[in-house]
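First comes the structure, then the notes that go with it.
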Amino acid sequence: MTSLSYEVFPPNSAVGINHLNQVLAALQGLAPSFISVTCSSKAARLAQETVRVADYVENCCHVPAMAHLPAWYLSRTDVDRIMAQLRERHVGRVLVLRGDERPGLAKKDDFPHASDLIAYIRQNYPDFQITGACYPEKHPESLDMVAELQHLKLKVDAGCDQIITQLFLDNRCYYRFRELCAIAGIDVPIIAGIMPIINERQANRILRTSAVAVPEKFKDILAKYHDHPEALKQAGISYAIDQIVDLVTNDVAGIHLYTMNQADTARQVEQNIGALLQVSC
Ligand code: FAD
């Protein structure tokens, strides 16, 4: 069976706690394999909000929760505190990341790469399931795909049980990456991260900030519907469903949907692909 999971982000000024609780109630109804909770709030609140929402997902929604942990912004003491909190709350999954530069937020020195924190958690908290991030089209800082795979191999060998990809719009990138991973001896499940792109602002931000290849088919959708929000939303969801149907048909290990806290999007996707997931690989 192929897993289907969702990513949410903790409340911020744009998305309040009530909205998030409604989103989580809707996602719970879709019976996901797990829900991951990002960690992108500011300074002191960093990680505490993630722990709080993960606790809610695990213990109030009764869905397995996965807490994101950004290595750059955590000291060993922070990690020990957070892992104790997670264990106490029966949250047994972490997605370990390096994090990105954030203006005004000081880095800590204990874990320079995601693999350093993964090794630390594997050694000191062996009962946790550990997931890492990966980039079918290469992380922007990697010199080339060889360096990308060498570092990914180090990361997986440090203790990843599975990896989740950055979003991609062209499935051929995922298939090529999966082959390269097999050649490099990276043999953990590679879950595909899929983001339904449902408005122009989101499309522009993604096209500006990430290095994903944009197929002509997707460019045509943007060109035709950018002035028609409802049509663009529908086309964006259909595009993601199309990607997922193809991925599941080609034995992807799992789908992780970047929901952007939009329950309606997740619901539409699940309704269209739920039955496919029941068919074993
Ligand atoms: P790393 O694995 O450390 O890799 C980063 C770069 O360093 C790569 O170029 C890699 O090749 C290189 N590298 C790795 N190891 C070495 C080494 N030993 N020597 C030299 N170079 C090396 N960010 C957040 O802040 N919060 C989140 O919640 C969050 N969630 C995410 C979820 C997913 C599924 C993904 C794909 C990304 C997420 N991010 C999040 C973004 C992530 O933090 C950034 O993409 C970051 O730039 C890289 O993180 P990483 O864990 O892949 O880093």
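In each ligand, atom 1 is the first atom listed, and ligand 1 is the first ligand listed.
Side-chain N or O atoms of Lys155 include one that pairs as donor or acceptor with a backbone N or O of Ala133 at under 3.5 Å.
Polar contact check, Gly99 against ligand 1: a nitrogen or oxygen pair lies under 3.5 Å apart. Residue contacts with ligand 1: Ala114 is placed with a nitrogen or oxygen under 3.5 Å of a nitrogen or oxygen of the ligand (distance criterion only). The shortest N or O to N or O distance between Thr38 and ligand 1 is not under 3.5 Å. The shortest N or O to N or O distance between Cys39 and ligand 1 is below 3.5 Å. Residue Ser40 places no N or O, backbone or side chain, under 3.5 Å from any N or O of ligand 1. Note: an N/O pair closer than 3.5 Å links Tyr135 and ligand 1 by distance alone.
Set against the non-hydrogen atoms of Ala133, the atoms of ligand 1 under 4.0 Å away are 35 (C), 36 (C), 52 (O). Under a 4.0 Å criterion applied to the non-hydrogen atoms of Leu97, ligand 1 contributes the atoms 27 (C), 28 (O), 29 (C), 30 (N), 31 (C), 32 (C), 37 (C), 38 (C), 39 (N), 40 (C), 43 (O), 51 (O). Applying the 4.0 Å criterion to heavy atoms of Arg102 picks out, from ligand 1, the atoms 24 (C), 25 (O). Of all atoms in ligand 1, numbered sequentially from 1 with element shown, those under 4.0 Å from a heavy atom of His68 are 27 (C), 28 (O), 29 (C), 30 (N), 32 (C). Every atom of ligand 1 is numbered from 1 in the order shown, and the set under 4.0 Å from a heavy atom of Glu141 is 9 (O).
Heavy atoms of Tyr258 come nearer than 4.0 angstrom to ligand 1 in at least one pair. In this structure, Gly193 has no heavy atom closer than 4.0 Å to ligand 1.
Ring pair Phe34/His256 is parallel by interplanar angle, where below 30° counts as parallel and above 60° as perpendicular.
In this structure, atom 50 (P) of ligand 1 has a protein heavy-atom contact shorter than 4.0 Å.
Taking all heavy atoms of Lys153, His256, His151 into account, the minimum distance to atom 14 (C) of ligand 1 is reached by His151. The option with the heavy atom closest to atom 7 (O) of ligand 1, from among Arg98, His139, Glu7, is Arg98.
Both the sub-6.0 Å distance and the 45° axial angle are not jointly satisfied by Arg93 relative to the ring of Phe128.
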